[in-house]
Amino acid sequence: MSHNLQRLTSFLSGLAGHGESRSRQALAERVSDSLPTVAMAGCIANEWLCHHLAGLDEAVLLDIGPGTGRQGVDLLRRLGAREDRPRHLTVIAVEPDAVSLRTAEHNLLEAAQTYGLDVHVLAFHSLVEELDPSFWPIVAAMPGTLLVHSAFALHHVRGKVADDEARDGVLRRLRMLEPKAVVLVEPSLDVSTSDPEQRFRQGWRYVGLTFQLVDRLALPQEDRDAIRRFLVRELEAVLDDSDDSRSKRYEHVRGWWRRLARAGFARDDVPTSLDLGSHPQMQPRRYPGYVGLDVGDETLVAVLCATPAARDPHSR
């Protein structure tokens, strides 16, 4: 890393306030309430999941990285208001943070009782790429129609296994489960390069556009400060050259579709009935296979939905 970038990283660390008692999880949850690119993405993803869950008798939802289950609770609230909800839903939660996982399990079961739903929760404490091989046959044998959801989690998957990128391996594992649909929520920016200068340029542009959005929002100063801290930490993670969990390599939505296609998925049509919501400072737009949460002409966050592509009968 260049001397200037080292100085910048040190400066960013000061801005992020790492000495604060506020946990990363609490900070992320505050941002998810205040930042429309995050809040609206969760709503759109849940509406898309409801679309695919409609009319099913028994359903299974594999939720990768649910955190404390806030988005899952909102999904159950939406299902509870629908007459075409599944009769029974099993949620398989895969989460690397043990405290968040226990909280998610509690919150989901409490929400199921509140909204009159028959829900069973299976909790697995693990990174998705480090799940025991026995996990996948267990999911495949579950009765019911399978859907997969992951919000702001798959960009954490790093590294290679037997010369194969871990992200591709996870997506292929998911394809082998033959899910009805896979709904992903991810930031759309390409910082997968090993060049730190280029990562900085891409990350700085993304953060700058997000700051422009925040400046136009009527938010309390405390929320603005929380978003600033969160974004600075994200930029720090983009600049981090290490291979640990703090470093992040986001991908552009085009990159995610290339990976999904390699794994055997196709783009789902965005339902015309899907409620995208609206916001005066941001434009949710329909694209082939995804909804972009756009500022100007640039997608900051993408909600993607993929379905299994037809297999080539001549392939082996």
_Greater than 12 external heavy atoms within 6.0 Å of Arg286's CZ_ = yes
*Gln113 atom CD, over 12 foreign heavy atoms within 6.0 Å*: no
*asked:* Tell me whether the rings of Tyr206 and Tyr250 are parallel (<30°), tilted (30 to 60°) or perpendicular (>60°).
replied: parallel
Are [Y] and [X] linked, directly or through intermediate hydrophobic residues, by side-chain heavy-atom contacts shorter than 4.5 Å (ILVMFWY only)?
| X | Y | value |
| --- | --- | --- |
| Leu49 | Leu293 | yes |
| Met40 | Leu276 | yes |
| Trp48 | Leu147 | yes |
| Val148 | Val185 | no |
| Trp257 | Phe152 | no |

Look up atom [atom1] in [X] and atom [atom2] in [Y], then write down how far apart they are to the nearest 0.5 Å.
| X | Y | atom1 | atom2 | value |
| --- | --- | --- | --- | --- |
| Leu61 | Thr90 | CG | OG1 | 10.0 Å |
| Arg175 | Leu260 | CZ | CG | 11.5 Å |
| Arg172 | Leu177 | CZ | CG | 13.5 Å |
| Glu58 | Asp118 | CD | CG | 8.5 Å |
| Met142 | Leu122 | CE | CG | 5.0 Å |
| Ser126 | Leu131 | OG | CG | 4.0 Å |

Hey, does [Y] have a side-chain heavy atom less than 4.5 Å from the side chain of [X]?
| X | Y | result |
| --- | --- | --- |
| Arg77 | Val73 | no |
| Leu62 | Val91 | no |
| Cys305 | His51 | no |
| Leu304 | Val182 | no |
| Asp168 | Arg262 | yes |
| Leu89 | Leu117 | no |
| Glu178 | Pro308 | yes |
| His106 | Leu101 | no |

Please check: side-chain N/O of [X] versus main-chain N/O of [Y], any donor-acceptor pairing under 3.5 Å?
| X | Y | answer |
| --- | --- | --- |
| Arg224 | Val214 | yes |
| Asp63 | Val94 | no |
| Glu186 | Leu154 | yes |
| Arg167 | His155 | yes |
| Arg267 | Pro288 | yes |
| Asp269 | Pro271 | no |
| Glu95 | Gly67 | yes |
| Asp294 | Asp297 | no |
| Ser188 | Ala302 | no |
| Arg82 | Leu79 | no |

*Checking salt bridge (charged side-chain N to carboxylate O under 4.0 Å, His left out) for the pair Asp74/Arg70: CA distance, chi angles, key distance, verdict?*
CA-CA 6 Å; Asp74 179 67; Arg70 286 159 57 93; over 6 Å; no
Work out which heavy atom in [X] is nearest to a heavy atom in [Y]; give both atom names and the distance.
| X | Y | result |
| --- | --- | --- |
| Gly296 | Gln283 | N-OE1, 3.6 Å |
| Ala45 | Gln71 | CB-NE2, 3.6 Å |
| Asp223 | Leu219 | CB-CB, 4.3 Å |

_Any side-chain donor near an acceptor of the partner, His156 and Glu129, under 3.5 Å_ = no
_Just by distance, no angles: are the side chains of Asp268 and Thr307 close enough, under 3.5 Å, to form a donor-acceptor pair?_
no
*Picking from Leu75, Leu53, Val183, what satisfies side-chain contact (heavy atoms from CB on, under 4.5 Å) with Asn46?*
Leu75
*Taking only residues two or more places apart in sequence, or in another chain, which ones meet Tyr287 in a ring-ring contact (aromatic ring centres under 6.0 Å, His included)?*
Tyr290
*Output yes when Arg259 and Glu251 qualify as a salt bridge under the 4.0 Å nitrogen-oxygen rule, no when they do not.*
yes
